[in-house]
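A short write-up of the structure that comes next.
Computed from a prediction, not measured in an experiment: that's the story for all the values here. Below, chains carry the letters A, B, ... as their sequence lines are ordered, and counting in each starts from 1.
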2 protein chains.
Amino acid sequence: MEKILLVDDENDILEFVSYNLSKEGFQVITCNNGKEAIQLAQKENPDLIILDVMMPEMDGIETCHELRSIDKLKDTLIIFLSARGEDYSQVAGFDAGADDYIPKPIKPRLLVSRVKAILRRKGGKVEAEETHSGIRIDREKYLIFKDNKEFSLPKKEFELLALLFSKPGKVFTREIILDNVWGGDVVVGDRTIDVHIRKLREKLGDQYIKTIKGVGYKFEV
Amino acid sequence: MEKILLVDDENDILEFVSYNLSKEGFQVITCNNGKEAIQLAQKENPDLIILDVMMPEMDGIETCHELRSIDKLKDTLIIFLSARGEDYSQVAGFDAGADDYIPKPIKPRLLVSRVKAILRRKGGKVEAEETHSGIRIDREKYLIFKDNKEFSLPKKEFELLALLFSKPGKVFTREIILDNVWGGDVVVGDRTIDVHIRKLREKLGDQYIKTIKGVGYKFEV
DNA sequence: ATTACAATTTAATATTAAGTTAACATCCCA
DNA sequence: TGGGATGTTAACTTAATATTAAATTGTAAT
């Protein structure tokens, strides 16, 4: 069972996030500020730390820097929580050494899927970057391999393909796709997904992505 | 038997939702506004509270906040009902501490499955995909397996089969079928169900779906 | 800052699968 | 055996997605 350290000054959020993660079987420990976080992290050795960007005194970015400077926490995963529309924090967060970023308002599904995805990635246990139907995705290098030929994709296309690819055969609804690829509060038109699907089909061939009318899309195995 | 507190100012909805949940074996108690809800919740200790977002005086969001501030209700599950297209309420609802969200117009099938899903998560139980008469339904992949051969079905046919399949041998009346597959407020002609049944029989073979004249249809075991 | 180019989104229209209806046929049980 | 209930079929309608181009936004280089 993975241990997650959750840091936020607002107890509502602490509780909400904590609830949603416990529900999925994670062990969650919490605290209210950066200082405690650093102590707790050293003591508890969590697999993942979720940091709110906006906190009084020591903010998330600073806390992240501090954490990263501690040797035993060099490889611990760090995710930021950031307020609506703060694009800045995303950038600064990654600079500070964050591994991912979750926008507020927090949607439980997005939260859980990001947390799982990131633990899966680095947890080394799964995601040995498998090949399905002759296609392989390399997240590190941000490349697609098809029949041993590599090529790159724009971010949205890459993320969309990666999502469908993460569970070949599973149907992803538009809602889920939007949550995962575009993120929490982003609102884009209905046809945007279609266009990206089209581009992927153009580049990969039609046989890989299947439409389930009225339901969603899936990566065909 | 799980207890559900249902809060809505419109009696039509109260009745409709209540009917659909009772039918599934839940104990449903109802009231018309936030104030009563808070009192009832404290007295009855429900497992789940379903709140309409739009209510006079105290709306769902506010009620939710109030409920969350009561200690013994901290862990009670809360689901919002929200009017068509109000994406805002989804966001605001989660901020307020909701666990899920059901869009109006309410489709009984969606309603029941969300309610079950969320109660299941809390209870920690998981359902397995069973095989009956050589047929298995995979919701995730949106596929039917017959004698280990897979094939897909259009949405309505899939949902119709899935409904009958959910309780093999049980007779489903046309009314129930309409409620579940089409949703409460949709009105379709008399022969529409027959046509879908026919298509299913065409694809699966006649032996699986049996007509009980004057009553309804069932999946034959 | 300006340009140039790539990525993304929107908007408008076309296309197609899915769903519905209508008209008629057939069944079955009082 | 006659009438309500269901079956069947093809035509019709609609909803969902595909497609395209144009508009917008983002990014990197000069």
Side-chain angles (χ1 to χ4, degrees), chain A residues 85 87-88 90-91 94-95 142-144 151-164 171-178 180-183 185-218 220, chain B residues 84-85 105 107 109 142-144 151-164 171-178 180-183 185-218 220:
Chain A
D87 211 39
Y88 163 75
Q90 182 164 10
V91 175
F94 284 129
D95 282 350
Y142 224 78
L143 287 173
I144 309 296
F151 60 98
S152 60
L153 287 178
K155 192 159 87 186
K156 285 271 152 47
E157 286 169 46
F158 185 94
E159 294 297 344
L160 173 52
L161 178 61
L163 175 65
L164 299 182
V171 182
F172 292 83
T173 65
R174 280 152 187 282
E175 200 194 348
I176 300 278
I177 291 173
L178 283 177
N180 280 281
V181 178
W182 276 262
D185 52 356
V186 179
V187 184
V188 290
D190 250 13
R191 301 275 65 75
T192 302
I193 295 176
D194 306 35
V195 173
H196 287 274
I197 291 284
R198 161 134 227 294
K199 297 237 170 91
L200 282 174
R201 283 175 173 156
E202 228 166 39
K203 290 169 185 171
L204 298 174
D206 289 340
Q207 68 270 40
Y208 299 104
I209 298 171
K210 193 176 173 195
T211 305
I212 314 297
K213 233 180 151 156
V215 188
Y217 296 95
K218 69 165 143 179
E220 192 74 329
Chain B
R84 200 187 309 251
K107 292 199 174 186
R109 196 186 169 81
Y142 225 79
L143 289 173
I144 309 297
F151 59 97
S152 59
L153 289 177
K155 193 164 138 184
K156 284 267 155 40
E157 286 168 45
F158 186 96
E159 294 298 341
L160 173 52
L161 177 61
L163 175 65
L164 298 182
V171 182
F172 291 83
T173 65
R174 281 153 184 280
E175 198 196 348
I176 300 281
I177 290 173
L178 282 176
N180 281 279
V181 179
W182 275 262
D185 51 353
V186 180
V187 184
V188 291
D190 254 10
R191 300 273 66 71
T192 302
I193 293 177
D194 305 37
V195 173
H196 283 92
I197 291 283
R198 159 122 235 296
K199 293 199 174 142
L200 281 175
R201 284 175 173 155
E202 224 166 41
K203 290 170 184 171
L204 297 174
D206 290 339
Q207 68 271 39
Y208 298 104
I209 298 170
K210 196 175 173 194
T211 305
I212 314 298
K213 225 180 150 150
V215 188
Y217 297 94
K218 70 167 160 179
E220 192 74 331

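- Rounded to a whole Å, the CG atom of D190(B) is 14 Å from the P atom of dA23(C).
- For D194(B) and R174(B), the salt-bridge test passes: some basic side-chain N is under 4.0 Å from an acidic carboxylate O.
- Atom CG of L161(A) sits about 12.0 Å away from atom CZ of R201(A), to the nearest 0.5 Å.
- OP1 or OP2 of dA18(D) lies within a sub-4.0 Å distance of a side-chain N or O belonging to Y217(A).
- Look at NZ on K210(A): it is 16 Å from C1' on dA16(D), rounded to the nearest Å.
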**Study point:** Evaluation steps, side-chain contact (heavy atoms from CB on, under 4.5 Å), between E157(A) and K203(A)
**Key:** CA-CA 10 Å; E157(A) 286 169 46; K203(A) 290 169 185 171; 2.8 Å; yes

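- Summarising the geometry, the separation between CD1 on I209(B) and P on dT6(D) is reported as 15 Å, rounded to the nearest angstrom.
- For the pair R174(B) and dA5(D), the criterion of a side-chain N or O lying under 4.0 Å from OP1 or OP2 is not met.
- In this structure, the NZ atom of K155(A) is 12 Å from the C1' atom of dT27(D), given to the nearest Å.
- Note that the two end axes of the helix from dA1(C)-dT30(D) to dA30(C)-dT1(D) enclose an angle of 30°, each drawn from 5 base pairs, rounded to 10 degrees.
- For dG7(D), one of the phosphate oxygens OP1 or OP2 lies less than 4.0 angstrom from a side-chain nitrogen or oxygen of R201(B).
- Here H196(A) reaches the OP1 or OP2 of dT9(C): one of its side-chain N or O atoms lies under 4.0 Å away.
- Look at W182(A) and you'll find a side-chain N or O under 4.0 angstrom from OP1 or OP2 of dT9(C).
- Distance R191(A) CZ to dT13(C) C1': 12 Å, rounded to the nearest Å.
- Residues V215(A) and F158(B) form no side-chain contact, since every pair of their non-hydrogen atoms from C-beta on lies 4.5 Å or further apart.
- Close to dG19(C), at under 4.0 Å from its OP1 or OP2, lies no side-chain N or O of T192(B).
- Between I197(A) and L164(A), the closest side-chain pair of non-hydrogen atoms falls below 4.5 Å.
- Taking only side-chain nitrogens and oxygens, K213(B) never comes nearer than 4.0 Å to OP1 or OP2 of dG7(D).
- Between the OG1 atom in T173(A) and the OH atom in Y142(B) there is a gap of 11.5 Å [rounded to 0.5 Å].
- Whole-Å rounding puts the D194(A) CG to dT10(C) P distance at 12 Å.
- Residue T211(A) places at least one side-chain N or O closer than 4.0 Å to OP1 or OP2 of dA18(D).
- Taking atom CD1 on I212(A) and atom C1' on dA15(D), their separation rounds to 16 Å, with Å as the unit.
- Residue R198(A) has a polar side-chain atom (N or O) positioned under 4.0 Å from OP1 or OP2 of dT19(D).
- Taking a 6.0 Å sphere around NZ of K210(B), one finds it holds 12 or fewer heavy atoms contributed by other residues, nucleotides or ligands.
- As a whole-Å value, the separation of L200(A) CG from dA18(D) C1' is 14 Å.
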